[in-house]
Trainee: 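What follows is a structure written as structure tokens; I'll ask about it next.
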Amino acid sequence: MRATARAEERHFWFRGFRWFVQPLINQALASVSGARSLDCGCGTGANLALFTRYGTAYGFDRSAFGLETAHRMGRRGLVRASAASIPFSADTFELVASLDVLYALDERDERAALAEMFRVARPGGYALVNVAAMRMLRGDHSVLSHELRRYTRDSLTRALTTAGFHIVRITYTNAALFLPLAAVRWFHRARGLATEREATAEISVPAAPLNAAMSALLFVESLWLKAGGANPFGSSLLCLARKPEAATPR
């Protein structure tokens with residue numbers, strides 16, 4: 001969490017992430033007046049800024065450090081809670097988000113978290129989910145993020161539809177960096193994964209020229225996705241799903 005807090009403003013991955021998710025947030029909320037959004041597993045609360053332009057954003061996380069960091073930075077509307085037991089009423093939010101959280105939950109908690117997201121989303125509301133993808137890309141970063149699994153398009157689709165959501169859009173992201181990332185992650189597995197302390201290097205902001213070059217590649221990729229493209233591979237999976245208008249309780 002400390003490493004993330006240091007990197008999330010400037011690191012190329014976080015820049016790309018924001019470029020990828022913003023069009024989907026806009027698709028979900030642009031036509032809604034005073035939308036209410038919930039970030040499930042919000043960490044330091046940095047992503048709330050993606051939602052507040054459309055209305056009111058709330059978040060929760062299990063990490064005391066993340067929430068303390070958020071409060072020091074003036075971020076409000078955050079509470080400490082678990083994704084498997086969301087402390088909000090049913091049918092409350094136009095958008096519920098789980099951004100790089102599900103892969104760190106065991107299977108029982110993953111199912112509970114998605115069921116809770118379905119419960120608190122309004123009928124016709126949306127779920128926005130980002131997860132680690134492709135088992136062949138497991139590496140040192142997997143240690144840092146406490147990763148239990150990496151998803152495929154089919155496995156994420158199955159998890160969301162089992163919870164009751166309908167898939168609106170799903171695509172792999174970070175495809176522009178796939179080849180160098182695959183090579184680096186292969187090396188990590190070949191030599192043995194790093195300890196958590198050693199793995200913090202994975203999220204350090206690279207030298208400015210490299211960070212700018214990586215950012216540029218992801219920006220171009222984001223334009224392709226915004227225009228309606230979809231990637232057949234990538235290190236993350238991004239999905240926008242919807243709760244049916246006449247949803248039956250689960």
Side-chain angles (χ1 to χ4, degrees), residues 1 3-4 7-8 11-21 24 41 43 97-111 113-114 127-163 167 169-206 210-211 213-225 229-241:
M1 187 66 73
T4 298
E8 56 195 356
H11 194 286
F12 65 84
W13 189 92
F14 290 97
R15 289 174 172 173
F17 166 78
R18 290 188 288 268
W19 292 327
F20 295 144
V21 301
L24 297 186
S98 176
L99 305 174
D100 295 287
V101 173
L102 292 178
Y103 58 70
L105 304 179
D106 63 32
E107 291 184 3
R108 183 181 65 179
D109 282 349
E110 178 210 41
R111 290 192 298 271
L114 289 171
L128 181 67
V129 175
N130 197 70
V131 292
M134 302 184 67
R135 184 169 176 78
M136 67 172 291
L137 295 179
R138 182 170 173 79
D140 287 354
H141 188 270
S142 304
V143 176
L144 191 64
S145 60
H146 301 162
E147 177 189 295
L148 297 181
R149 73 186 71 80
R150 298 184 76 90
Y151 291 77
T152 65
R153 183 186 179 102
D154 286 346
S155 66
L156 182 58
T157 295
R158 184 166 55 251
L160 284 163
T161 55
T162 298
I167 304 299
R169 179 110 192 268
I170 185 168
T171 183
Y172 291 92
T173 61
N174 304 307
L177 306 181
F178 180 79
L179 289 178
L181 188 59
V184 169
R185 297 285 173 85
W186 175 86
F187 172 74
H188 290 169
R189 296 192 303 276
R191 61 106 157 98
L193 298 185
T195 65
E196 187 167 351
R197 180 182 294 273
E198 294 166 341
T200 56
E202 281 285 295
I203 208 168
S204 299
V205 180
L210 179 59
N211 198 50
M214 296 292 197
S215 298
L217 287 172
L218 294 180
F219 180 70
V220 172
E221 181 182 338
S222 76
L223 296 179
W224 154 253
L225 295 177
N231 295 325
F233 53 80
S235 66
S236 294
L237 261 172
L238 178 61
C239 182
L240 182 67

Trainee: Does L114 reach the side chain of L102, with side-chain heavy atoms less than 4.5 Å apart?
Mentor: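 L114 vs L102: side chains touch.
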
Trainee: Shortest non-hydrogen contact from A182 to M136?
Mentor: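 Minimum heavy-atom contact is CB-CE, 4.3 Å.
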
Trainee: Looking at R135, I'd like to know if its CZ atom is crowded, meaning that more than 12 non-hydrogen atoms belonging to other residues, nucleotides or ligands lie closer than 6.0 Å.
Mentor: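 12 or below, so no.
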
Trainee: Check F17 against L99 and note the closest heavy-atom contact, atom names and distance.
Mentor: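 Scanning both residues completely, I find the closest heavy atoms to be CZ-CD1, 3.7 Å.
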
Trainee: Are side-chain heavy atoms of F14 and I203 found at a separation under 4.5 Å?
Mentor: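 In contact.
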
Trainee: Which distance, rounded to the nearest 0.5 Å, do you find between the CZ of F20 and the OG of S236?
Mentor: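 If we round to the nearest 0.5 Å, F20:CZ and S236:OG are 8.0 Å apart.
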
Trainee: Apply side chain to side chain contact (heavy atoms under 4.5 Å, CB included) to M214 and L177, showing your working.
Mentor: CA-CA 8 Å; M214 296 292 197; L177 306 181; 3.4 Å; yes

Trainee: Evaluate the side-chain proximity of V184 to H141: yes if any heavy-atom separation is below 4.5 Å, no if none is.
Mentor: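 H141 does not reach V184 side chain to side chain.
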
Trainee: Verify side chain to side chain contact (heavy atoms under 4.5 Å, CB included) between F178 and N231, making sure each step is shown before the conclusion.
Mentor: CA-CA 11 Å; F178 180 79; N231 295 325; over 6 Å; no

Trainee: Between E221 and N174, which heavy-atom pair has the shortest distance, and what is it?
Mentor: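 That would be OE2-N, 2.9 Å.
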
Trainee: For R138, is there any backbone N or O sitting under 3.5 Å from a side-chain donor or acceptor partner on R189?
Mentor: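 Flag set: sc R189 to bb R138 pair under 3.5 Å.
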
Trainee: Rounded to the nearest 0.5 Å, how far apart are CG of L217 and CZ of F12?
Mentor: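 With rounding to 0.5 Å, CG (L217) is 9.5 Å from CZ (F12).
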
Trainee: Nearest 0.5 Å please: distance from the CG atom of L181 over to the CZ atom of F233.
Mentor: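 CZ of F233 is found 11.5 Å from CG of L181.
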
Trainee: Keeping the roles fixed (side chain from S155, backbone from Y151), state whether a donor-acceptor pair exists under 3.5 Å.
Mentor: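 Side chain of S155 to backbone of Y151: no pair is present.
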
Trainee: Is it the case that more than 12 heavy atoms not belonging to R108 sit under 6.0 Å from its CZ atom?
Mentor: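 Result for CZ/R108: open.
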
Trainee: CG of N211 to CZ of R15: how many Å apart, nearest 0.5 Å?
Mentor: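 CZ of R15 is found 5.0 Å from CG of N211.
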
Trainee: Could you tell me whether the side chain of S98 and the main chain of V129 form a donor-acceptor pair under 3.5 Å?
Mentor: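 Checked: no pair found.
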
Trainee: Can you tell me if R153 uses its side chain to pair, donor with acceptor, with the backbone of I170 under 3.5 Å?
Mentor: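 Checked: pair present.
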
Trainee: Could you check if a side-chain atom of C239 sits within less than 4.5 angstrom of a side-chain atom of I167, using non-hydrogen atoms only?
Mentor: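 Answer yes - side chains close enough.
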
Trainee: How many angstroms lie between atom CG of L137 and atom CD of E147, to the nearest 0.5 angstrom?
Mentor: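 Answer rounded to 0.5 Å: 9.5 Å.
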
Trainee: May I ask you to test the H11-S204 pair for a side-chain heavy-atom distance under 4.5 Å?
Mentor: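 Side chain of H11 against side chain of S204, heavy atoms only: no contact under 4.5 Å found.
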
Trainee: Please report the closest heavy-atom contact between L144 and T200, naming both atoms and the distance.
Mentor: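 Reported closest heavy-atom pair: CD1-CG2, 3.8 Å.
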
Trainee: If I compare all heavy atoms of A133 with all of G234, which pair ends up nearest, and what's the gap?
Mentor: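 Taking every non-hydrogen atom into account, CB-O, 3.6 Å.
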
Trainee: Given 3.5 Å as the limit, does a donor-acceptor pair link the side chain of T162 with the main chain of A159, or not?
Mentor: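 No, because the side chain of T162 does not come within donor-acceptor range (under 3.5 Å) of the backbone of A159.
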
Trainee: Within the structure provided, determine whether S145 and E202 are in side-chain contact (heavy-atom separation under 4.5 Å).
Mentor: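 They are not in side-chain contact.
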
Trainee: Ignoring hydrogens, what is the shortest heavy-atom contact between L105 and A113? Give both atom names and the distance.
Mentor: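 Closest pair (atom of L105, atom of A113, distance): CD1-CB, 3.8 Å.
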
Trainee: With a 4.5 Å cut-off on side-chain heavy atoms, are L128 and L238 touching?
Mentor: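 Yes. Closest side-chain heavy atoms under 4.5 Å.
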
Trainee: Is there side-chain contact between T152 and Y172, with heavy atoms separated by less than 4.5 Å?
Mentor: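 Contact flag for T152/Y172 side chains = yes.
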
Trainee: Which value, rounded to the nearest 0.5 Å, describes the distance between R18 atom CZ and S222 atom OG?
Mentor: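 R18 atom CZ to S222 atom OG measures 12.0 Å (nearest 0.5 Å).
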
